[in-house]
Structures are given as structure tokens and as C-alpha cells.
Amino acid sequence: MALEPCNPVTGRPLTTNQLKQNFTDLHKPLNFQQALEESDRCLYCYDAPCIQACPTSIDIPTFIHQIRSDNTSGAALTILSENIMGGTCARVCPTEVLCEQVCVLNVSHQQPVEIGLLQRHAVDTLISNTNKHPFKRADSTGKTVAVIGAGPAGLSCAHRLAMLGNDVVVYEAKEKSGGLNEYGLAEYKMVDNFAQKEIDFLLQIGGISIKNNQKLGVSISLSTLQEKYDAVFIGVGLGTTYRLGLDKEESQGISDAVDFIETIRQTKDKSQIQVGNDVVVIGAGNTAIDAAVQAKKLGTENVTLVYRRGEQHMSATDYEIELARKNGIVIKTWLTPSKIIADEHIAQIECTKTELINDKLTETVFKETIKCDMLLKAIGQTLNDSDLVDLEIEKSKIVVDNYQTSIQGVYAGGDAIKSGEDLTVQAVEDGKQAAIAIDKHLRGEL
Amino acid sequence: MAIQKDNLKCTIAGIESINPFWLASAPPTDKYTNVVRAFEAGWGGVVWKTLGEDPAVVNVSSRYGIHKNRNHIVGMNNIELISDRPLQTNLDEIIRVRKEWPDRVIIGSMMAVIEERAWKELAVKIADSGVHGIELNLGCPHGMCERGMGSAIGQVPEMVEKVTRWVKDVVDIPVFTKLTPNITNILWSAEAAMKGGCDAVALINTVNSITSVDLDLMAPTPTVDGKGTHGGYCGTAVKPIALNMVAEIKRNTDTKDLKISAIGGIETWKDAAEFIALGAHGLQVCTAAMLYGFRIVDDMIAGLSNWMEEKGYQSIEDFRGMAIPNTVDWNALNMNFDTKAKIDQDSCIECGRCHIACEDTSHQAIEFNVADDGKRTFTVIDDECVGCNLCMHICPVPDCIEMVEVDNGLEYMNWSNNPLNPLNN
Ligand SMILES: Cc1cc2nc3c(=O)[nH]c(=O)nc-3n(C[C@H](O)[C@H](O)[C@H](O)COP(=O)(O)OP(=O)(O)OC[C@H]3O[C@@H](n4cnc5c(N)ncnc54)[C@H](O)[C@@H]3O)c2cc1C
Ligand SMILES: Cc1cc2nc3c(=O)[nH]c(=O)nc-3n(C[C@H](O)[C@H](O)[C@H](O)COP(=O)(O)O)c2cc1C
Ligand code: SF4
């Protein structure tokens, strides 16, 4: 079966130009004038609710005030001192359920201040205008810490450790650093290779070396790292995806949504990406939405999102659901996949209608078959614990106490632990707090 | 084009005008084209850009400095001089507009060196062009004063009187003496103008100022080839200064009958109504027209007229000066009058601005509590509140904080009859 990207209107493949257009910035960055005007909308609240809603506790009213007073680099410093990945977070944070949700302007039925866009304006201006890193390292502690995983948790931890005077060696399984910043976040949120630019910026602090293609459990082991280094931080994220558990799940045309997104992120010429004409995405989180929207942007004619509960139960935010709808994605709820119809390649997916009986999700006898030449599974990721056997793990998360795992001197953060939501910004906060705990521990203060 | 309203017809120093809105002497009234456009837009009159003796002055580039609050211009300063065109050109144009627009007022503004001959000759030439009146520019705070004109004259009461008399002696049309605010007491200049026989005073001219410093060029703005100078400040920012000066003249026994053409920061009909409430007979506008164009007169006319209708005022005479009896010296304020801030919890958006203002800079009278569910509540502690009203002004929500009068059982008492006043012992 042909898997050519099709233009929904003409039925012809999209031109390179159309594809490029489809993958430009989801939110256009603010120019100087727009930033000034938007910053002027901020009321400069005292002890502002937005600060509390930010997992990294950025002093939002202060940085907005700094933009307003034409002190953009000061604004960027206010942001980066709490969140070294403020640039990525400005692009990908679901601000509609974080800072912007609690903006007091909502109370008077006004649009909240565009905090994300203002943050992006400040950080981008700083990163693109200076090659001098804004932070200095403290006097050397003489200690070296190993960090496993160069995702936002690992890199944030590394940066803060370096800032506090420690040396850091980062072991990363993949060829490129950045974790999901590089491989997972939607293309239209992270245009122009921003993930790598941000890493370059962050590494300017010095004292951090990254070893790529080094996988814990393959080329390195936890025990050797423990011996070699003064402390270890684990920020490996969620390495395993859930399966549907259906027959023929290995048929052609069926893949994990995260792999599909990774391919999009890593393929420069989007016309080279294989995509179906009838894509079905299973799931209800932001990953499902991201996969569906990006499939549509690649030119897929029909994209259907299938979720076994109601829209109110979807973990994707209202904004993301709206984004999916705007992009012409059909959302089918109370439906669960029950049978894959395929020869070699998937052709249809048969789903069963569901309902809640006494608060319990129950399958009914009603079926619905959907034409499908590409099935993307986005039903969740979980910790790959095969290499973490010595650590105490509960409900698929590494157990920590103030970021220290069950093994003394071994710390963890990010999606691999249970802190807040599994979000980039939470991973950055975990990395930062773990670094502070590690540094205290190494200085004998804890 | 604005629709004129009958209830705005008025008389200023004997000059009848279809409405009280005139353009002040400045670039908007610089030449035929501008003035005709202004009349087409509905302005009742213009004070022609100040005329001097030939040869005309030469202006520099650039000329304006701006004081912004974010995107809004609150004040502007200029280093422009008087008309830079030959006298006869201006006079010919005045004659032409007078003919074409017989129902509109033209006042000729003038300035000369401090010589009797100069003032008299120029005044006669201008009067002969058919203007309704003459305004004496004794206020320009830059460029002209260094040549012994403008505020150099306006700052010395004797000269204000003398120049006014010189001109009054030779013309039989009303003479407006335009006063500078760059003095310690406006009454001295107003009294001098009155003694000189003026028919009205016009105030204020611009306030001496530096609006900003260019931190790259390290020079005040506007910069002219790397240098800057102080200039004349105007626009909404100067309105409070102008209001007070008008009120001072109207409250003073000797000057209270002076006719006043009020100028300074008038941008809306409300500004105009406020000046009239303090006793002004007519109004002049410059900066607002420069920033938004002549069309702003539309709203001034309609707004003032509508408001007057709502209030039942038939003409501006009906409310002119009505705020003067209530404008008193501090000593006459009731020291026992008491108000407390009251926060309407339903409209409060929980920004905390009132709290931090009162806590840091006032009387620690607004309590801040956070409930378990995160709800932030701000409550006034009546015993601590002194009723200063800072919080009310800071609150971003209209009418959320109100100052409520409280009955403290105390009788009226002002400083004059207060036992603490040393003069009472
Ligand atoms: C498709 C998708 C879209 C998302 N979109 C958003 C969004 O829009 N906004 C948002 O806030 N969050 C989003 N998230 C969540 C966010 O990306 C994660 O919460 C965040 O990246 C977690 O950071 P981390 O550092 O813990 O893990 P990761 O980003 O997963 O990084 C882990 C790193 O460790 C490496 N690693 C793994 N195992 C090993 C090993 N054994 N040895 C060495 N290295 C190893 C990995 O290669 C990776 O580089 C999204 C997630 C997905 C999957
Ligand atoms: C650019 C500019 C030039 C001015 N030129 C004169 C002038 O030639 N003669 C004069 O009497 N006043 C002059 N003024 C002062 C105005 O007439 C007016 O008194 C002052 O601007 C305050 O009014 P406003 O706040 O409405 O602008 C000038 C003002 C400006 C802004
Ligand atoms: S009126 Fe003044 S003292 Fe009273 S609560 Fe408000 S700011 Fe505080």
C-alpha cells in the first residue's frame, strides 16, 4: 500500500514549501514592540500566583517588569537563574494549566498575560545576542558527579552542579543530547534546532563533558560510576512504551507515537517521512495530540484520535484538544481498539464502544471499524527499569527522598521519579533541586 | 467635521466664539493650510503661531522630546522658536482666512525685543490684518529668552506690565497676555498683566524641562548634532500645573475677575470642563492636536455639550468657576473628616498591589491571607487605615476599592481653629 503524504484538498503530495510552512513556529515569537505592549498588561502582582504555579518558581512579575523597563537581559537572567532551560519551557510548557491559568487577569475575564511568549522573547534575545555565559562557577569543590541521561533533568542538574563548583560527566545513550527536547517535543514547538542551541548555551558554563552513545546497562554500570565519581544522578526519563496487547501488533504500519515523532524531529526533509492517508492515534495525552497534529501537517487526509474514556478525562489540556480540532483531527471517545485487521500491513482497526458502569470502564457489545493504514500508539511511557535493578522502584518510578534514591550518593529526577507532572519544566526543577542536594551532600552539609 | 452645539457658544474677553476650543499658538496654527484644516474640523478659533519682526528666526532639527509612559505620550517638550516665515506672508494668510472663515476667531500672537517701538509697530501691523485680538507671548522658555524675549520678559512682573500697556496703547482690540509657568508665584505675573490693562490672561505656556537623556549620545533629547538643550514641556503631564495656576488667579481677590484663556494639557472634554469649573472662559489646545490631529475637537465638542445637557447647564457660564468656592487652602480642610478604604471582595482579582503599597509605604493597614485552597484575601484593618486612598488609586479594577466616609462623632475642625495650632495659643 502506498504511503505517500497527501494534500487533503488536492490529494497530491504536499510541496516541500507547504511542508516547511506546516512546521513553522506554532506561536510566532513576539517582536520588541509586541513584547513591550504585552509586558505592559502585567499588573506586577505582589507575591504573584503565577510564581507559585511555575514548577521552577520563576519570579514572573519581576522578569516582565524588566522587559518593560528595557532590561531584557536582566529579564532573561531572572528566568534562567531559576530555570536554565527557560527557552525550551517558554516554548513547550502547557502555560494554560500553569502560570497563565492563575494570572489574575483571568478573574476579571481578560486574557491572561502571554507569559510563555514573553519568557521566550527575553531568553531568545539573550541567547542570540551574547556569546558570554551569564553565570559564573563557584570555586571548585574538587568533586566530580556522573549524570546519566542528557535530557532536561540531567542537563539542568549538570548545569547547577557546575555552577556550584563541581565537575560533571554526562553519559547519554543517544547520539544527540537533549532527551525529549531533541527527540520528543513537537517539531512546531522547537523550530530552528533550538534544543541544540540551548545545550550549547548551557554548556558554556564549563566543567561539563557529555559522553554520547554511552548507555547505562550496556557500556557502563551503576556500580562502576559509583566507584569512579563522588555522586551519581539518574535522569533517564521513561524509556519503555506500553503495548495494546492485541494480535498482529507487530504488523507493518503500526508504531509508537514517540518513535513517529522522533522520526519527524530527526528528518530534515519532511517529504521523506512515511505517513499514511488514514492515521489512527490511540491515546489521550499530549503525546497523542502531538502525533496526530504532526501527522496532519505531513499531509495525512484523515487523522482520528481514539480514546477509551470521555473528553473530560483526557490528560491533554483543553488548549491541545482545541489545537487538534483546529487541525481537522476527529476525536472519538468512549472507544477502545479491540482488533487489528491486517495482512502484512494494517488495513483497519476494529474498536469496541465503552461505557462507565459504577465508575468502572466497561466494554459494550458495539463495534466500530475504522479504516487505518497507520496506527500510532500513544498510551503512555514507563520507566525502563531493567538497568536500575538495585534501586527501589514503586509504581514504575524510582523512589527518592529529597532526590536521593535508596542508594546513598545516587540521586534521580525528571520523568523517572514521582515529583510533579511529567513535564519538561518539572524535569528542569528536579535537576536543579537534586544538584543543590548533591552539592550539600558533597560539602558534608546534608 | 464636527457638529457645532449651541450650548457651547461663548464670549472670551468680548470675543464671540462658536465654541470655547481654540488652538494654541504653535505649529498647528503656523500657516494658512493648517488653520483652514482646523476650521474645517470644527475648532472655534486659533491663536496664530507667534509672529516676530523680520528677519524670521531659523529653527533647528530635531525639535521634540517625548516623555512616555510605555506607549502613551504623557508629555512633550519642544525647542522650536516662533514663526520662521516672513511676517508679511503670515499677515497675508491671516487676512485670507479671516475672509473665508468669518465666524471663526483668529488671535495674533506676537513677541518682540524689549523696546517700546518694536512691540507697538508689530502690534499695529498684526491688528491691521483683521485679527480679533492680540496675544503677547511672554512665555517661551527656550531660544527666545536668551535673546531677551519670551520668558525673559514673562518672568519679570514689571516688564509684563510694561509690554501689556505698550500694546494696549496702540490697538483697540482685546489683548491677551500669555503667562509663563516658570515663576514662583503666578499671581505676580497675573497682577502685572492686569495692571498693564490686559483684557485676558492666557496660561500656561510651556514648562522648562529636559524630557530625557540619550544614554548612547550622552546628551539631552532632542539632540541637534550631538547637543541638546532645555525646552518647553506640554501635554497632559502639565495639566495639573495649569489647573492650579488658573485656580490661584481665580481665588485671589485682586485677580479673580480676570478673563482666562486656559492652556495646558487639554486633551478631552473632561479636561476642558475642569478648567471651566475653575473659572476659565475659553480653552486652548496644542499638544493633543499635534499627537492626534484636529479631529479630536469632535469629541471635545460632543462630550462637553452632552455632559452639560445631562447636568442641566444651558451654557458654560452656568458652571464656570463652580469649583472655585470649594478650592481652599489646606488650613480650611476639615481635619476631623474620616474615610476608610473598603475592598469589594467580589470584584477583587487578588493581585496584591494594594497590600504591598500600604505595607511598604503607608500604614500596614491591608491584611493579606492565603487560604488552603490558594485563595488570596486582602482585608482593610480599619483601626490602622488613615484613609490616605493610595490603595484605591493603585487598584487595577475600577471601583473595587472605595473610600467610605465614617462617622467618628467628631465635629468640624480645621487647622485654623485647631488647638494644636501655635497661633491659637
Ligand atoms: C511526545 C512527547 C511530547 C511531549 N511534549 C511535552 C510538551 O509539549 N511540554 C512539556 O512540558 N512536556 C512534554 N513532554 C514531556 C517531557 O518531554 C518530559 O517530561 C521531559 O523530557 C522529561 O525529562 P527527563 O530528563 O526526565 O527525560 P527525557 O527527556 O526522556 O531524557 C532522558 C534522557 O536519558 C537518556 N537515557 C535513557 N536511558 C538511558 C540509559 N540507560 N543510559 C544513558 N542514557 C539514557 C535518554 O536517551 C534521554 O536523552 C512530552 C513528552 C513526549 C513523550
Ligand atoms: C512645538 C511647539 C511650539 C510652540 N510654539 C509657541 C509659540 O510660538 N508661541 C506660544 O505662545 N506658545 C507656543 N507653544 C506653547 C503652546 O501654545 C501651549 O501654551 C503649550 O503647548 C501648552 O498647551 P498644551 O499642553 O495643550 O500643548 C508651543 C508649543 C509647542 C509644543
Ligand atoms: S487608604 Fe491608605 S492607609 Fe488606608 S488601607 Fe488604603 S493605603 Fe492603607
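Computed from a prediction, not measured in an experiment: that's the story for all the values here. The chains referred to below are lettered A, B, ... by the order of the sequence lines, with proteins before strands, and numbering in each begins at 1. What you see below is based on every heavy atom in this structure, not just the backbone, and it leaves out hydrogens, waters and symmetry mates.
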Enquirer: By side-chain hydrogen bond (donor to acceptor under 3.5 Å, both in side chains), which residues pair with A:E96, not counting sequence neighbours?
Expert: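 Counting only residues at least two positions away or on another chain, A:E96 forms a side-chain hydrogen bond (donor to acceptor under 3.5 Å, both in side chains) with A:T317.
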Enquirer: Restricting to side-chain contact (heavy atoms from CB on, under 4.5 Å), what partner residues turn up for A:C42, sequence neighbours left out?
Expert: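 By the side-chain contact (heavy atoms from CB on, under 4.5 Å) rule, A:C42 matches A:I64, A:V113.
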Enquirer: Is atom NZ of A:K132 surrounded by more than 12 heavy atoms (other residues, nucleotides or ligands) closer than 6.0 Å?
Expert: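 Not more than 12 within 6.0 Å, no.
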Enquirer: Look up atom CD1 in B:I349 and atom SG in A:C45, then write down how far apart they are to the nearest 0.5 Å.
Expert: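 So the CD1 of B:I349 and the SG of A:C45 are separated by 6.5 Å.
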Enquirer: Are there donor-acceptor atom pairs under 3.5 Å between chain A and chain B, and if so which?
Expert:
from, atom 1, to, atom 2, distance (Å)
A:E37, OE2, B:N71, ND2, 3.3
A:D40, OD1, B:R70, NE, 3.1
A:L43, O, B:R353, NH1, 2.6
A:Y46, N, B:C351, O, 2.9
A:Y46, O, B:R376, NH2, 2.8
A:D47, O, B:R376, NH1, 2.5

Enquirer: Only counting residues at least two apart or in another chain, list the ones meeting salt bridge (charged side-chain N to carboxylate O under 4.0 Å, His left out) with A:D415.
Expert: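 Scan of A:D415 (salt bridge (charged side-chain N to carboxylate O under 4.0 Å, His left out), adjacent residues dropped) gives none.
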Enquirer: Select one option (side chain, backbone, both, neither) describing which atoms of A:P61 are under 4.5 Å from chain B's heavy atoms.
Expert: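 Contact with chain B involves no heavy atom of A:P61 at all.
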Enquirer: Pick one of side chain, backbone, both or neither for A:L43, based on which atoms fall under 4.5 Å of a heavy atom in chain B.
Expert: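 For A:L43, heavy atoms of backbone and side chain both lie under 4.5 Å from chain B.
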Enquirer: Tell me whether the count of non-hydrogen atoms from other residues, nucleotides or ligands lying under 6.0 Å of CG in A:D318 goes above 12.
Expert: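 Atom CG in A:D318 is not crowded, with 12 or fewer foreign heavy atoms closer than 6.0 Å.
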